Each structure stands twice: as C-alpha cells, then as structure tokens.
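Okay, structure first, notes after.
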Amino acid sequence: MSNYIPTIGIEVHVELKTKTKIFSNSINGYGQGANMLTNVVDLGYPGTLPTINREVVRQAIRAAKVLHCDIQKEMHFDRKNYFYPDNPKNYQITQFNTPIGCNGYVLIEVDGCEKKIEIEEMHIEEDTCKSAHRGNVTLLDFNRAGVPLIEIVTKPCISSSVEARLYIEKLRELLLYSDISDCKMEEGSMRCDANVSIRKRETDPFGTKAEIKNIGSISNVSLSIEKEIERQSKLYDNNEEFLPQTRRFDSKLNDTVLMRVKETGNDYRYFPEPDIPFIHLSDEDILEASKDIPMLPDERRKIYVERGISKLNTQKVINHREMSDFLNTYIDSDLDFVIASNLLLGDIASYLNKTNKALKDTALSHDKFSDLVLKLSTKKLVSKNVKDLINDIMETTDTIDQLIEKHHIENITDDSVILEIIDEVIKENPDSVVDYHNGHDRCIKFLMGQVMKKSKGKADPKTCLLYTSPSPRDVEES
C-alpha cells in the first residue's frame, strides 16, 4: 500500500459514429484493407481543402449534453503543429481555444458513495493514420486518418486506480447508450491516456507527472495506474527525482515502459485553421441535436430497481444494450419485470450465445415475449418448459399457446395440490427427512425428485423447492 496520495487525470479519445470522416467524404469504417478508405484530403495532398462534416458537430453536441458540459456556441478549429510519421500534413486539425464543451462531469459510485468526476473540456479533432511496425520498417495505414474524434479531458480529480476504472466504464456506458460511439477499445475507437503523479500530503504541490499513452483496455487502465504509482513511490522513497515523461503500458511485462522524457514543454504553435469557417451554434441547433438522445443508463437503473429487478441483474441488463432496449418497450405496461429480466438473462441469453444471434434476428416478438412472461407468472409454464421450448420460441412464429398445445404441456398451477404431493413424499420417506435435518442437504434433491415423479413432471420445481424443505414437525409426525 502506497504512503503517497495519487493525483490522476484521464484523457479519452473516442471515435464518433458517422458515415464519413470529419473533413472528407471517405467512409468512416474499420477492418478494411490498408489505405482502402482514403482520398487526397486524408493523405494530406497539397492544395486540398477540408470541409466540416455537420454530423460530427451534431454528435459532439450530443456528447456534451450527455456529459453535462457547457456548450461553446461560437467556436473555431485550430492547427496543432507537430512533426510525426503518422501526421503527413505536419499538423492536426483540432480545437484549442474554443472546445465545444467544458465544465462537465460524470457521476460514479465508489464504495456506496457518489463521486463527481469533473471534465475540464471536450473538443473535436481528427484522428491520425495508424503506424504498423515490421522489423526496421514502419508502414502507415491512412484508413484512420481523418476519422472524427472527441477528446474528453478530466480535471486532476481522480484519486485511485479504482476510480479511474469506474470512470472509464461509466463514460463508455454513456457514450454507447447515447449512440455517439461504439467504444470498442480492441478496435481503437476508444483510447485512454492517464496522467499520474503522487505527493505526501494534500497541502503539498502536485508531484512530477508521467503520462501513460494509449492504454488498450479498461482493466489495463487500472493496472497501469497502479504500476505507475508503485514506480513513483519507490523513486521518492529513495529520494530520487525524475523528469516529466511519457510512458506506455506493456501488457506482456504488466508494467509501464519509458517512451520519452519531456525535458521542455510542447510548443504546438496553435493558430486558427484558415481553411474552415468559424462555427456559430444556435439554441435550435443544440436542441435539434440532443432531442433524440435515448434513455440513459442511470434512468434505466432507477426504473428496473423500482420494478423489482435486483441490482446485480439490473447491471447485467444494462451491460446488454439490445436487451435493455427490448425490456424498455414494456415500461408503460404491467409486465412482471423480474420474470422478464430472468428470462432475458437466462434461457434467452443462453440461446443467443449458442447461436451467435441478436434478439432482432430471432422470431421472438414483443407479443410472444409478454405472453411467455404471463404464462410463467400464472404457472401455466415452468422454467423447465421454457428450457425445452426455447428453440421453438426463438425460431418459429408459433404463439405460446400453440407451443403448449403442440408439446402437450399441462402443469399443476394449484399450490394446494403440490402441497398434498409433498406431504405424501415426506411421509413415505422419513429416513430422508431425518438425514436432511442431520445436515445431509443432498437429501432434498432426492425428495424433490420424488415430488416431480409423483406429479409426472407437472409441478413447478421452484414452487416445490419452497415447500419441500421439511420442518422438525414433519420428522416427529412421520
């Protein structure tokens, strides 16, 4: 455990979901052959002129609203001048003096307490091309050049690797649900940098900062910060100093590795981009861009918990956007959300995983699903029936009633009948009852089996389990 206080800031680059790139009409795509999604603007040919993609501005407005940012109505783009192989123009078009959003926040929950992670600013910029190293040769793929990004920069208000991980998870969730980005870190559409420093006391000035670049997964965000805190702590314990530096996380070493030392500050010589007009946003522009933002995760959580779903299952549903959207179509109905969520997360999720299908690609209509939930709530179907019928439910247009008739399903819905069967089983098996009360829990499975046998499989196993556990009175009476 470190004796130092960490101070952490996070910078996240997020690719926006647009059909074309930010300053050209090239397709904004992934997974194509190298340099297939490019044109002369992306390649930085002399004399080419950028044209702003209006959809990029619209998506950035939506992101600013979701992240509770103040929106800059009068803004312009800037040239950030630097020399690097993946930047053939020798400058990047970004926003410096007029970021589209500032003073925002994301709420996270840490150990049951809510914490506000403050966002310093959010700006729009273009992505650079991608470098691929082959021995002593570096190749460039321009498919990524000009892909629209928003960069989201927090204040140095994060105090642990856990908070950093929770922030990234929550940010990813918000951007996914607002349809701003697919946030696939494995494909590079969401990339994180972490700025880490430590100090002895809150009253001390900030320590020397190390920036960890291009962290490739949420788990590595947490791990890389922990490793960097550990590294800096050892240096300070030995009274050693270090210069501000850029590092990267090496997943093979499970540690941060030095890339370069920042002996002097960066001088990017920003100036307003002369080829792009200033942008003036009206209240109507902002309203139009943000009016169709879908229901966000926190509101969904509140509704699900109010409808009886456990916090664990609520989070599982939230983690599966398609399931959450499907469930939300019943918000104004009296559907049993507990049974519905158990169905979605249980047999339906299992079917989707096995078949590698999405819900929309199955025959499960909204009417069929609500009828299925109703049949379960009235015990006309039991969980075992659903397991037996799941393929027909998901693959055929048969109604639930047609499937019940087709498979000759007839369940006992009267609990008093089930209780009579349970009493008979208990009286016929006194030794198993005694063994159960002597701590042999496996006897309950035998008793359950006898109940199901007597009921010819027509009893609900869950209902049986509620009643089957024999009491000491049963032992005395038997």
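Everything quoted here is computed from the prediction, not taken from an experiment. Counting from 1, the numbers follow the sequence of the chain as shown.
Side-chain atoms of R231 never come within 3.5 Å of backbone atoms of T256 as a donor-acceptor pair (strictly under, hydrogens ignored). The main-chain N or O of V338 is found under 3.5 Å from a side-chain atom of N342 such that the two form a donor-acceptor pair. Between the side chain of N28 and the backbone N or O of L16, at least one donor-acceptor pair lies under 3.5 Å. No donor-acceptor distance shorter than 3.5 angstrom exists from the side chain of N25 to the backbone of T20, with no hydrogens or angles considered. A side-chain donor-acceptor contact under 3.5 Å links E322 to the backbone of L359. Panel note: side chain D285, backbone S282; a donor-acceptor pair is recorded below 3.5 Å. A donor-acceptor distance shorter than 3.5 angstrom exists from the side chain of T329 to the backbone of F326, with no hydrogens or angles considered.
Here CG of N429 is found 8.0 Å from CG of D431. Values are rounded to the nearest 0.5 Å. Atom CG of L171 and atom CD of E169 lie 11.0 Å apart (nearest 0.5 Å). Note: I108 CD1 to K116 NZ = 12.5 Å, rounded to the nearest 0.5 Å. For the atom pair CG of L67 and CD1 of I117, the computed distance is 12.5 Å after rounding to the nearest 0.5 Å. A distance of 11.5 Å separates CZ in F206 from CG in N195, rounded to the nearest 0.5 Å. Within the model, atoms CG of L381 and CD1 of I404 stand 4.0 Å from one another, a figure rounded to the nearest 0.5 Å.
The residues D250 and K227 are annotated as not salt-bridged, no charged nitrogen and carboxylate oxygen being separated by less than 4.0 angstrom. Between K368 and D398 no salt bridge is recorded (no basic side-chain N to carboxylate O distance below 4.0 Å). The residues D298 and K170 are annotated as salt-bridged, a charged nitrogen and a carboxylate oxygen being separated by less than 4.0 angstrom. Of the charged side-chain nitrogens involved, none lies within less than 4.0 Å of a carboxylate oxygen, so that R247 and D255 do not count as a salt-bridged pair. A salt bridge does not link R300 to E173: none of the charged nitrogens lies less than 4.0 Å from a carboxylate oxygen. A salt bridge is defined here as a Lys NZ or Arg NE, NH1 or NH2 lying under 4.0 Å from an Asp or Glu carboxylate O, and D193 with R191 fails to meet this definition. We find that K302 and E299 are not joined by a salt bridge, their nearest charged nitrogen and carboxylate oxygen being 4.0 Å or further apart. With respect to the salt-bridge test (charged N to carboxylate O, under 4.0 angstrom), the residues D127 and K21 do not qualify. Checked for salt-bridge contact, E424 and K427 miss the test: no charged N lies under 4.0 Å from a carboxylate O. Salt bridge annotation for K213-E211: present, with a cationic side-chain nitrogen under 4.0 angstrom from a carboxylate oxygen.
Here salt bridge (charged side-chain N to carboxylate O under 4.0 Å, His left out) pairs that include residues 336-355, with residues two or more places apart or in two chains, are D347-K387.
Residues V221 and A164 share a closest heavy-atom pair of CG1-CB, 4.3 Å.
Summarising the local packing, NZ of K234 is surrounded by 12 or fewer heavy atoms from other residues, nucleotides or ligands at distances under 6.0 Å. Atom NZ of K209 has 12 or fewer neighbouring heavy atoms from other residues, nucleotides or ligands inside a 6.0 Å radius. Annotation for M36: atom CE does not count as buried by contact number, only 12 or fewer foreign heavy atoms lying within 6.0 Å.
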Identify every side-chain donor-acceptor pair in residues 183-190 under 3.5 Å, counting partners at least two apart or on other chains, and give the distances.
{"from": "S189", "atom 1": "OG", "to": "D182", "atom 2": "OD1", "distance (Å)": "2.6"}
{"from": "S189", "atom 1": "OG", "to": "K184", "atom 2": "N", "distance (Å)": "2.7"}
{"from": "S189", "atom 1": "OG", "to": "K184", "atom 2": "O", "distance (Å)": "3.2"}

List the atom pairs, donor and acceptor, that lie under 3.5 Å between side-chain atoms in residues 146-157 and the rest of the protein, sequence neighbours left out.
{"from": "E151", "atom 1": "OE1", "to": "H13", "atom 2": "NE2", "distance (Å)": "3.3"}
{"from": "E151", "atom 1": "OE1", "to": "H123", "atom 2": "NE2", "distance (Å)": "2.9"}
{"from": "T154", "atom 1": "OG1", "to": "I10", "atom 2": "N", "distance (Å)": "2.9"}

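Residues F77 and I52 meet the side-chain proximity criterion, which asks for heavy atoms closer than 4.5 Å. Looking only at side-chain heavy atoms (C-beta outward), S178 and L296 come within less than 4.5 Å of each other. Between H320 and L345 there is no side-chain heavy-atom pair separated by less than 4.5 Å. Side-chain contact between V162 and R165: present, with at least one pair of heavy atoms (C-beta onward) separated by less than 4.5 Å. Using a 4.5 Å heavy-atom threshold, the side chains of Q232 and Y4 count as separate. Residues C192 and I168 are in side-chain contact: their nearest non-hydrogen atoms beyond the backbone lie under 4.5 Å apart.
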Show your working on side-chain contact (heavy atoms from CB on, under 4.5 Å) between L364 and L352 and close with a plain yes or no.
CA-CA 11 Å; L364 183 66; L352 296 176; over 6 Å; no
Working for side chain to side chain donor-acceptor pair (under 3.5 Å), residues S350 and N353
CA-CA 5 Å; S350 177; N353 289 334; over 6 Å; no
Dump the intermediate steps for side-chain contact (heavy atoms from CB on, under 4.5 Å) on L327 and S324, then the final yes or no.
CA-CA 5 Å; L327 189 59; S324 181; 5.8 Å; no
Between K380 and I409, does the side-chain contact (heavy atoms from CB on, under 4.5 Å) criterion hold? Intermediate values first, please.
CA-CA 8 Å; K380 290 182 180 178; I409 295 171; over 6 Å; no
Please determine whether salt bridge (charged side-chain N to carboxylate O under 4.0 Å, His left out) holds for the pair E55 and R58, giving the CA-CA distance in whole Å, both sets of side-chain angles, and the decisive distance to 0.1 Å.
CA-CA 5 Å; E55 178 64 12; R58 191 185 80 89; 2.9 Å; yes
Residue pair Q59, N53: steps toward the side-chain contact (heavy atoms from CB on, under 4.5 Å) verdict
CA-CA 10 Å; Q59 289 283 39; N53 182 343; over 6 Å; no
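Partner of E163 under the side chain to side chain contact (heavy atoms under 4.5 Å, CB included) criterion, out of I225, I8, V110: V110 alone.
Between Y105 and H68, the ring-plane angle classifies as parallel under the 30° and 60° cut-offs. The aromatic rings of H366 and Y330 are tilted relative to each other, their planes meeting at an angle between 30° and 60°.
For the residue pair S251 / N220, no side-chain donor-acceptor distance below 3.5 Å is found, with atom types taken as modelled.
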